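Below: one structure, written as structure tokens.
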2 protein chains.
Amino acid sequence: MKQQLNTIAMLGQAYSLLGFKIVDGVVGAGFPQKPSHSAVFAQIRPEGSRLTELARGANITPQAMGELVDELEELEYVVRRPDPTDRRAKLVVLTDKGRACIAAGITTIEGIEHRITETLGAHGHRQLRTLLRKLLDAG
Amino acid sequence: MKQQLNTIAMLGQAYSLLGFKIVDGVVGAGFPQKPSHSAVFAQIRPEGSRLTELARGANITPQAMGELVDELEELEYVVRRPDPTDRRAKLVVLTDKGRACIAAGITTIEGIEHRITETLGAHGHRQLRTLLRKLLDAG
DNA sequence: CGAATATCCTAAGGTAGCCTGAATATCAGG
DNA sequence: CCTGATATTCAGGCTACCTTAGGATATTCG
């Protein structure tokens, strides 16, 4: 579970770890309107994910997740397709527009990371990440 | 305006600066129920502050601030007293309980800061603050 | 087959945290 | 003393985000 994290995510986690509540980031123009929508984008698998699966991952009820998916479907970021392996289920799948949206978000994040490196220097940026890593590991 | 900031506040500001939205911190048991309540505690002056003054500082409408103060008054953290210098206005003043609440919050924050120093070492903690300071100044 | 289980949907409800609009009281200046 | 600005309050509304309740349908298991 100790995956590679970008600096802003580490900042957020550190902040959260220290007893603060944070709202999930809405980074850049590529992302949809509601902060909670990123709960879908962050989780959805390339082959598509089930509603209940997404709900469990986001720790909300399937009904609440259903509403989010409704909205994202309306915005044409995802579509619901029948699951070929289980005819009870439907798969929530990203559309091209959805993938473009994620790509735009990633570009924004990369831009921010770049700006951090510019400000702190490569060495400083590495130092910052190391310190944050230590904080997260200790927490 | 470049006052001394503790590390957690700096983390939060940095995170916010980088395009994320954060909910104000609820640190420790000393603080009241709602995150937004800290908008009052953070601003209120020892002699008391006016409602509109607090509203401007928190960048919300006086009506919204009025509701927050209502709640805090209900919880006996503050009282409304007539302003001796202006009979239109009332002063929102901390009670003993309110001051105790702030003190408890500060104690909690100090505890967290202490834990950070323990984890990173005094040198590491200073380094972290320096790096965050740079990020904030650049933003 | 029939019962239990899984998935999904609709509907209704609730809270937090804001907002606008309008009423009332007071102040400050000519 | 009239006028326009300022301070507060009451009333009503809104959005984001989540819940519980109940029911439809499809699948798996004994």
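Values in this document were obtained by computation on a predicted structure and should not be read as measured data.
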Phosphate OP1/OP2 of D/dC18: any A/Thr61 side-chain N/O under 4.0 Å: no
Length of the CE-P vector between A/Met65 and C/dT7, whole Å: 15 Å
Given A/Val79, A/Asp83, A/Val78, the one that forms side chain to side chain contact (heavy atoms under 4.5 Å, CB included) with A/Arg81: A/Val79
Nearest-angstrom distance from the residue atom CD1 of A/Ile60 to P of D/dA16: 15 Å
Rounded distance [0.5 Å steps], OG1 in B/Thr52 versus CD in B/Gln63: 11.0 Å
Side chain to side chain donor-acceptor pair (under 3.5 Å) partners of A/Asp86, counting only residues at least two apart: A/Arg88
Flag, side chain of A/Glu53 to backbone of A/Ser49, donor-acceptor distance under 3.5 Å: no
CZ-OG1 distance between A/Arg126 and A/Thr117, expressed to the nearest 0.5 angstrom: 9.5 Å
Sequence-aligned protein contact record of nucleotides 1-15 of chain D, with B where the base is within under 4.0 Å of a protein heavy atom and S where only the sugar-phosphate is: ----BBSSBB-----
Gap separating the CD atom of A/Gln43 from the CG atom of A/Leu54, nearest 0.5 angstrom: 5.5 Å
Spacing of A/Leu68 atom CG relative to D/dA16 atom P, expressed in whole Å: 11 Å
Atom-to-atom span, CG of A/Leu54 to P of D/dC18 - whole angstrom: 14 Å
